[in-house]
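For reference, the structure is listed below as structure tokens.
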Amino acid sequence: MSKFNEISEAVINGEEEKVAELVQDLVDDGEEPSKIIKEGLVAGMDVVGKRFKAQDMFVPEVLISAESMHAGMDIVKPLLADDDSSSNGTFMISTVDGDLHDIGKNLVSMMVEGAGYEVVDLGVDKSADEILEAVKEHNPDVLGLSALLTTTMPAMGDTIEALEEAGIRDEVKVILGGAPVSQDFADEIDADGYASDGSAATDLVRKFA
Ligand code: B1M
């Protein structure tokens with residue numbers, strides 16, 4: 001089994017220390033951080049997602065897997081940030097009102113940061129008003145909204161409306177992402193873009209910032 005597969009297995013099994021150890025080994029071997037994330041950590045979480053859906057895994061196990069994934073992320077994140085891309089602007093990201101899923105959001109955040117942008121991560125479950133206030137304060141070039149629940153997707157539209165009502169919609173590009181979100185939905189609520197994953201989000205930030 002390759003080291004990448006071993007990392008995926010350890011994420012699935014929730015073996016936090018083993019994930020950290022294996023990730024550190026690959027880093028020491030000079031593997032690219034983005035490859036470790038994609039082929040090891042994210043690949044493991046993908047399986048976790050599928051098993052959760054099939055009810056082969058339950059919430060506590062999923063959380064332990066997520067923690068294990070974070071243990072690996074903690075090691076590769078500083079290396080992504082060391083990437084020598086020039087700093088071109090500010091990216092703000094949040095999950096929307098009612099949404100606590102932060103694994104994908106954190107991944108996007110890390111990848112954009114790794115591409116040399118300043119990232120203001122608001123965390124999870126932020127209302128349209130909270131995001132509006134943060135946009136006013138930090139004046140980001142791009143605002144990224146993440147939603148993993150069909151029930152929280154409308155909050156993306158509410159956030160865009162809040163920016164419009166405050167008269168600052170034209171000052172920030174808004175991009176969307178998250179498993180239930182699509183380009184059609186982004187078009188429907190007048191977002192500026194949709195990204196299916198961290199690297200697509202990074203491309204959009206490069207385009208807009
Ligand atoms: Co939740 N959950 N969850 N969950 N959970 C899903 C999303 C679900 C699909 C599972 C299922 O039923 N099959 C389902 C949603 C169904 C729906 O709305 N259609 C669901 C549900 C129902 C719930 C609860 C309501 C369960 C309950 O309590 N009854 C509850 C809601 C909590 C809340 O938010 N208010 C809940 C809770 C939880 C946990 C807390 C247990 C945990 C979250 C832990 C955490 O995030 N800290 C959790 C998890 C882990 C999942 C699954 C299993 C995995 C999500 C994940 O992290 N995937 C998920 C099932 C699944 O996805 N198959 C599920 C890995 C991650 C890397 O992918 O987040 O998609 P993802 O991010 C990707 C892309 O989407 C994209 O890039 C990332 C990298 O590729 N992306 C962006 C994401 N944001 C982006 C932003 C961008 C661009 C790209 O630009 C701004």
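Counting starts at 1 for both ligands and their atoms, following the listed order.
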Nearest 0.5 Å, what's the CG-CZ distance between L41 and F4? 10.0 Å

If you measure from atom 90 (O) of ligand 1 to every heavy atom of T202, L176, V181, which option wins on shortest distance? L176

Give the numbers and elements of all ligand 1 atoms closer than 4.0 Å to a heavy atom of A179. 70 (O), 75 (O)

When you compare the side chains of E9 and N5, does any donor N or O come within less than 3.5 Å of an acceptor on the partner? no

Just need the protein heavy atom nearest to atom 70 (O) of ligand 1, so name the residue and atom and give the distance. L148 CD1, 3.7 Å

Distance below 4.0 Å between atom 9 (C) of ligand 1 and any protein heavy atom? no

Passing option when V48 is tested against N13, D56, I64, V62 for side-chain contact (heavy atoms from CB on, under 4.5 Å): V62

Ligand 1 contact on S196 by region, counting heavy-atom pairs under 4.0 Å: backbone

Just to confirm my output: which protein heavy-atom neighbour is closest to atom 86 (C) of ligand 1, and how far is it? G177 CA, 3.5 Å

Output for pair (N106 CG, S146 OG), nearest 0.5 Å, gives 9.0 Å

Nearest 0.5 Å, what's the CG-CE distance between N139 and M92? 9.0 Å

Between V108 and ligand 1, find which residue part has any heavy-atom pair under 4.0 Å and reply side chain, backbone, both or neither. side chain

Identify, for atom 24 (C) of ligand 1, the protein heavy atom at the shortest distance, and state residue, atom and that distance. L149 CD2, 4.5 Å

Below 4.0 Å, non-hydrogen atoms only: which portion of V62 touches ligand 1? Side chain, backbone, both or neither. side chain

Looking at ligand 1, does D99 have a heavy atom less than 4.0 Å from it? yes

Ignoring hydrogens, just give me the one of E67, R51, H101 whose non-hydrogen atom is nearest atom 30 (C) of ligand 1. H101

Check the hydrophobic clustering (I, L, V, M, F, W, Y; side-chain heavy atoms under 4.5 Å; chains of links allowed) and say if L79 and L22 are grouped together. yes

Look only at the side chain of S65 and the backbone of V11, and say whether a donor-acceptor pair between them is shorter than 3.5 Å. yes

Proximity of L145 to ligand 1 by residue part, where a heavy atom lies under 4.0 Å: backbone

Rounded at 0.5 Å granularity, tell me how far CD in E188 sits from CE in M156. 12.5 Å

Please report whether ligand 1 has a polar contact with D197, defined as an N or O pair separated by less than 3.5 Å (distance criterion only). no

Atom 53 (C) of ligand 1: the protein heavy-atom neighbour that sits closest, reported with distance to 0.1 Å: F52 CD2, 3.4 Å

Any protein heavy atom under 4.0 Å from atom 80 (O) of ligand 1? yes

What residue and heavy atom of the protein are closest to atom 44 (C) of ligand 1, and at what distance? L63 CD2, 4.0 Å

How many angstroms lie between atom OG1 of T95 and atom CD1 of I103, to the nearest 0.5 angstrom? 12.0 Å

Assess whether a salt bridge exists between K105 and D99, defined as any Lys/Arg side-chain N lying under 4.0 Å from an Asp/Glu carboxylate O. no

Would you say atom 76 (C) of ligand 1 has a protein heavy atom nearer than 4.0 Å? yes

Are K3 and D25 ion-paired here, with the side-chain N under 4.0 Å from a carboxylate O? yes

For G144, the atoms of ligand 1 under 4.0 Å from one of its heavy atoms are 91 (C)

May I ask whether G98 has any heavy atom positioned less than 4.0 angstrom from an atom of ligand 1? yes

List ligand 1 atoms under 4.0 Å from G178, heavy atoms only on the residue side. 75 (O), 81 (N), 82 (C), 83 (C), 84 (N), 85 (C)

Rounded distance (nearest 0.5 Å) linking atom CD of E15 with atom CD of E67: 15.0 Å

Quick test of your reading of the structure: of N106, I103, V124, D125, whose heavy atom lies closest to atom 56 (C) of ligand 1? I103

Sub-4.0 Å protein heavy atom near atom 27 (C) of ligand 1: no

Starting from atom 13 (N) of ligand 1, locate the nearest protein heavy atom and write down its residue, its atom name and how far away it is, to 0.1 Å. K53 CG, 3.5 Å

In terms of residue, atom name and distance, what is the protein heavy atom nearest to atom 46 (O) of ligand 1? D102 N, 2.8 Å

What is the closest protein heavy atom to atom 84 (N) of ligand 1, and at what distance does it sit? S146 OG, 2.8 Å

Does E133 pair with K136 as a salt bridge, N-O distance under 4.0 Å? yes

Under a 4.5 Å side-chain heavy-atom rule over Ile, Leu, Val, Met, Phe, Trp and Tyr, are V27 and M69 clustered together? yes

Which of the numbered atoms in ligand 1 are below 4.0 angstrom from a heavy atom of A195? 88 (C), 89 (C)

Residue D28 excluded, over 12 heavy atoms near CG under 6.0 Å: yes

Test R169 against D192 for salt bridge (Lys or Arg N to Asp or Glu O under 4.0 Å), laying out the working first. CA-CA 11 Å; R169 176 66 185 91; D192 297 293; 2.8 Å; yes

Out of M45, M92, M69, K105, whose heavy atom is nearest to atom 65 (C) of ligand 1? M45

Between ligand 1 and L100, is the shortest N or O to N or O distance under 3.5 Å? yes

